[in-house]
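Let me begin by presenting the structure, written as structure tokens, before commenting on it.
Remember, it's 1-based here, ligands and their atoms both numbered in the order they're listed. If you read the sequence from its start, that first residue is 1, and numbering goes on from there.
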Amino acid sequence: MNIILLGPPGAGKGTQAHRLVAERGMVQLSTGDMLRAARTSGTEMGKQVATVMDRGDLVTDEIVIGLIAEQLDNGAGGKGFIFDGFPRTLPQADALGELLESKGQNLHAVVEMKVDDAALISRITGRYTCNECGAVYHDETKKPAKDGECDKCGGHEFTRRADDNEESLRTRLMNYYRDTSPLIGYYYAKDQLKRIDGLGEINEVAARVAGVLDT
Ligand code: AMP
């Protein structure tokens, strides 16, 4: 079962992807995580995309399609891939369709997570992650049980993304509405779109995701 999680920045795609990995043995393919890893390890491509990402703009289709193609070639799809943050443009969506077809695979569903814009801004500007295990926290809505200690792995180091500030977020939202939201119509026309309300407790949203995947 291969699925796409589609939605604006802060919709909760990463959080729900982590749940699906833990509960169903699926494999998360997040182009944002791959690009951040390339930056941290200082590759040529990582250096090239750094300023574009910090501004909140999209990196080129060529780069992200290349990253996804590489992962699909590795073939370790477990119980299926979760495409998180990819595709984000129509050419990326076409490329994904072709890549999957060339591997004899298909898309089971595209889950659109709907969240209103005001909620996105507060979700994003308060979020941080554990350096050790990637668990996601929030200043107001999801603090660790013990201050400064990750609930999952006990880590003490946390990071805020350089692009999780209000200015970059507005650019990311603009790019979402301009370049990514046409994918809603694209997948609707292909009869693959499932829409869910992305607002609410993580468990509630997870149940909605499960509801559309299991029907
Ligand atoms: P994300 O972690 O999905 O919010 O992505 C962080 C940043 O990485 C985005 O703001 C873009 O600069 C870049 N990025 C991630 N995925 C893509 C994609 N599919 N196409 C273009 N740029 C991307």
Side chains of residues 71-79: which donor-acceptor partners sit under 3.5 Å, not counting sequence neighbours?
| from | atom 1 | to | atom 2 | distance (Å) |
| --- | --- | --- | --- | --- |
| Asp73 | OD1 | Lys103 | NZ | 2.5 |

| task | Among Asp57, Asp54, Asp163, Asp117, find the residue that satisfies the salt bridge (Lys or Arg N to Asp or Glu O under 4.0 Å) test when tested with Arg172. | result | Asp163
| request: Could you tell me the separation between the NZ atom of Lys152 and the OH atom of Tyr137, rounded to the nearest 0.5 Å? | output: 7.0 Å
| message | Check this for me: does any side-chain nitrogen of one of Asp164 and Arg123 sit under 4.0 Å from a carboxylate oxygen of the other? | response | no
| request: Identify, chain by chain and in numerical order, each protein residue with a heavy atom under 4.0 Å from an atom of ligand 1. | output: Thr31, Gly32, Leu35, Arg36, Met53, Asp57, Leu58, Val59, Val64, Gly85, Phe86, Arg88, Gln92, Arg161, Asp163, Arg172
| task | State the CG-CD distance between Leu173 and Glu166, to the nearest 0.5 angstrom. | result | 10.0 Å
| field | Among Val111, Asp84, Ile202, the one residue meeting side-chain contact (heavy atoms from CB on, under 4.5 Å) with Gln16 | value | Ile202
